[in-house]
Amino acid sequence: MLVRVVGAGVCHTDLIVRDQLYPTPLPAVLGHEGAGVVEEVGADVSSVDPGDHVVLSFDSDGTCPSCRDGHPAFCADFFAHNFGGARPEDGSSPISQEGDEISGRFFGQSSFATHAVATDRNVVPVEKDVPLEALGPLGCGIQTGAGGVINSLSPDPGSSIAIFGAGSVGLSAVMAAELTGCTEIVSVDLVDGRLESAREFGATETVNPDDADDVVGAVRELTGGVDYALETTGVPDVAEQATDVLTQRGTLGIVGAPALGTRASYDVNDLILNGRSITGIVEGDADPQGFIPDLIELYRDGKFPFDELITYYDFEEIERAVEDSENGDTIKPVLRIGDA
């Protein structure tokens with residue numbers, strides 16, 4: 001289908017591909033948090049019609065065991081469908097520059113553009129009573145943080161959690177932790193302004209590593225050790241800290257993506273003797289077709305105010321949006337590309 005893009009979020013994953021930490025061939029049109037209006041559909045499209053409002057999310061093959069089990073984020077062919085820069089079926093791209101094909105279909109969309117080509121698998125129809133330009137980040141960053149808590153960690157009411165990183169993923173996780181009934185929610189970040197936002201969204205405690213000689217000790221002093229932790233920064237040292245703050249039988253979820261091949265270390269006996277678990281999480285282990293509408297319903301009810309994370313930029317300001325995000329001045333930049 002052809003989607004006229006209205007808004008597109010800027011995500012950390014766009015930047016790690018720009019920097020070639022993930023090897024999508026360049027030049028490429030990136031962007032994977034698009035929202036827009038369907039303009040045309042192909043003969044095999046059954047989920048939407050022209051004029052429908054949609055959120056664009058990650059792509060998957062729909063046939064592998066994970067997809068069949070309702071876990072498309074762990075699609076066996078995830079890398080080809082989302083980072084390959086081409087259609088997995090035949091290696092072609094819908095985008096060309098001066099007659100030569102360049103990398104497109106990034107996450108099945110390449111939404112840093114006025115129009116994107118997408119498929120039934122990665123398009124989620126949404127109602128027209130919600131602001132379309134704000135919905136793009138639900139397709140990746142916000143879905144990742146919220147789903148990492150709700151779907152993957154699934155904390156029991158009354159439990160404790162430490163969330164490392166207070167960007168859009170981390171703050172979405174804070175909101176989700178409050179929704180699931182966590183009573184101790186610790187947010188860890190280097191930017192005081194983001195820690196203030198974390199408190200507004202439900203964090204009961206905050207830790208700035210610049211103010212703490214021992215981050216692990218600070219979190220454990222506040223909580224006695226947490227039942228759950230979520231690592232969103234992609235920094236190996238932080239992943240190690242997130243392991244060490246767990247209490248007995250605690251679980252760490254890792255969503256932050258460093259360069260391919262990056263390794264972190266841990267004390268094997270600490271895992272064994274304390275019964276700790278570490279799990280990797282892609283896209284919040286979400287099935288976007290169901291999870292994104294659920295998040296929108298929570299937003300409508302005033303329980304998930306993800307739009308408060310957003311700062312809007314004109315499409316032409318994309319470089320400033322990226323700079324503000326990398327500096328920590330903006331939590332979730334969203335590019336205004338067209339009109340709903």
Side-chain angles (χ1 to χ4, degrees), residues 1 11-14 16-17 20-26 28-34 42 44-47 54-95 103-111 116-124 138-154 169 230-232 234 239 251-264 277-292 294:
M1 68 190 73
C11 178
H12 174 70
T13 306
D14 297 307
I16 66 174
V17 170
Q20 288 292 276
L21 302 185
Y22 274 35
T24 296
L26 300 181
V29 177
L30 303 179
H32 64 287
E33 293 184 341
D44 292 337
V45 171
S46 59
S47 62
V54 294
V55 173
L56 309 181
S57 190
F58 64 89
D59 198 20
S60 55
D61 65 24
T63 60
C64 72
S66 291
C67 287
R68 294 198 307 270
D69 288 345
H71 298 275
F74 296 106
C75 174
D77 212 14
F78 187 91
F79 205 91
H81 277 264
N82 294 282
F83 292 97
R87 296 180 177 95
E89 298 80 11
D90 61 9
S92 66
S93 171
I95 301 175
S103 288
R105 292 210 79 246
F106 186 61
F107 276 65
Q109 52 183 284
S110 289
S111 53
V117 176
T119 72
D120 265 344
R121 289 291 303 168
N122 72 307
V123 165
V124 181
L138 294 176
C140 184
I142 302 228
Q143 172 174 257
T144 295
V149 173
I150 295 170
N151 300 326
S152 297
L153 297 180
S154 189
V169 175
L230 190 71
E231 201 297 295
T232 75
T251 301
L252 165 64
I254 298 181
V255 303
L260 293 177
T262 299
R263 304 184 71 87
S277 302
I278 302 174
T279 184
I281 304 170
V282 178
E283 293 285 352
D285 191 11
D287 183 344
Q289 305 296 334
F291 194 59
I292 288 175
D294 286 348

Novice: Side chain to side chain contact (heavy atoms under 4.5 Å, CB included) with Ser46: which residues, sequence neighbours excluded?
Specialist: Asp120
Novice: Got a donor-acceptor contact below 3.5 angstrom from the Ser111 side chain to the Gly31 backbone?
Specialist: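 Checked: pair present.
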Novice: Is there any salt bridge (charged side-chain N to carboxylate O under 4.0 Å, His left out) pair reaching into residues 277-292, and which pairs are they, with sequence neighbours excluded?
Specialist: none
Novice: Determine the minimum heavy-atom distance between Pro288 and Pro72, stating which atoms define it.
Specialist: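 Smallest interatomic distance, heavy atoms only, reads CD-CG, 4.2 Å.
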Novice: Taking Glu33 for its side chain and Ser57 for its backbone only, find out whether a donor-acceptor pair lies under 3.5 Å.
Specialist: no
Novice: Of all residues at least two apart in sequence or in a different chain, which pass the side-chain hydrogen bond (donor to acceptor under 3.5 Å, both in side chains) check with Ser60?
Specialist: Arg121
Novice: Quick one: pull up OG1 in Thr144 and NE2 in His12 and give me the separation to the nearest 0.5 Å.
Specialist: 11.5 Å
Novice: If I compare all heavy atoms of Ala118 with all of Leu56, which pair ends up nearest, and what's the gap?
Specialist: CB-CD2, 4.2 Å
Novice: Return yes if some donor-acceptor pair links the side-chain N/O of Asp14 with the main-chain N/O of Cys11 below 3.5 Å, else return no.
Specialist: yes
Novice: So Val124 and Val54, do their side chains get closer than 4.5 Å, heavy atoms only?
Specialist: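 No - every pair of side-chain heavy atoms lies 4.5 Å or more apart.
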Novice: With sequence neighbours excluded, tell me which residues meet side-chain hydrogen bond (donor to acceptor under 3.5 Å, both in side chains) with Thr24.
Specialist: none
Novice: Looking only at atom types and distance, does a side-chain atom of Gln289 sit under 3.5 Å from a main-chain N or O of Val123, one as donor and one as acceptor?
Specialist: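 Checked: pair present.
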Novice: Could you check if a side-chain atom of Ile150 sits within less than 4.5 angstrom of a side-chain atom of Phe291, using non-hydrogen atoms only?
Specialist: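 In contact.
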Novice: May I ask you to test the Asn82-Phe106 pair for a side-chain heavy-atom distance under 4.5 Å?
Specialist: no
Novice: Under the side-chain hydrogen bond (donor to acceptor under 3.5 Å, both in side chains) rule, collect the residues that match up with Thr232, sequence neighbours excluded.
Specialist: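 Expected list: none.
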Novice: Kindly give the heavy-atom pair with the smallest separation between Pro25 and Ala28, and that separation in Å.
Specialist: O-CB, 3.6 Å
Novice: Please give me the minimum heavy-atom distance between Pro258 and Gly234, naming the atom from each residue.
Specialist: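 Heavy-atom minimum between the residues: CB-O, 3.1 Å.
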Novice: Which residue pairs satisfy the salt bridge (charged side-chain N to carboxylate O under 4.0 Å, His left out) criterion with at least one member in residues 58-77, sequence neighbours excluded?
Specialist: Asp59-Arg105
Novice: When rounded to the nearest 0.5 angstrom, what is the spacing between CD in Glu231 and CG in Leu252?
Specialist: 7.5 Å
Novice: Hey, could you give me the CD1/CD1 distance between Ile281 and Ile254, rounded to the nearest 0.5 Å?
Specialist: 8.5 Å
Novice: Quick one: side chain to side chain contact (heavy atoms under 4.5 Å, CB included) partners of Thr251, sequence neighbours excluded?
Specialist: Leu153, Tyr228, Ser277, Thr279
Novice: Less than 4.5 Å apart, any side-chain heavy atom of Met1 and any of Val117?
Specialist: no
Novice: So, using side chain to side chain contact (heavy atoms under 4.5 Å, CB included) as the criterion, who are the partners of Ala257 when residues are at least two apart?
Specialist: Ile16, Tyr22
Novice: Can Leu26 and Ser103 be said to form a side-chain contact (heavy atoms from CB on, under 4.5 Å), step by step?
Specialist: CA-CA 6 Å; Leu26 300 181; Ser103 288; over 6 Å; no
Novice: Please check: side-chain N/O of Ser93 versus main-chain N/O of Ala86, any donor-acceptor pairing under 3.5 Å?
Specialist: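 Side chain of Ser93 to backbone of Ala86: no pair is present.
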Novice: I'd like to check the side chain to side chain contact (heavy atoms under 4.5 Å, CB included) partners of Ala259; sequence neighbours left out, ordered by chain and number.
Specialist: Leu21, Thr262
Novice: Mind checking the CZ-NE2 spacing from Arg87 to His81? Nearest 0.5 Å is all I need.
Specialist: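 Atom-to-atom, Arg87:CZ and His81:NE2 are 12.5 Å apart.
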Novice: Should Pro88 and Phe79 count as side-chain neighbours, where that means a heavy-atom distance under 4.5 Å?
Specialist: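 No. Closest side-chain heavy atoms not under 4.5 Å.
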Novice: Could you tell me which residues satisfy ring-ring contact (aromatic ring centres under 6.0 Å, His included) with Phe58, sequence neighbours excluded, listed by chain and number?
Specialist: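 By the ring-ring contact (aromatic ring centres under 6.0 Å, His included) rule, Phe58 matches Phe78.
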Novice: Please name all residues satisfying side-chain hydrogen bond (donor to acceptor under 3.5 Å, both in side chains) with Asp90, sequence neighbours left out, ordered by chain then number.
Specialist: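 For Asp90 the side-chain hydrogen bond (donor to acceptor under 3.5 Å, both in side chains) partners, ignoring immediate neighbours, are Ser92.
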Novice: Mind running side-chain contact (heavy atoms from CB on, under 4.5 Å) on Phe107 and Thr13 for me, showing each step along the way?
Specialist: CA-CA 10 Å; Phe107 276 65; Thr13 306; 4.1 Å; yes
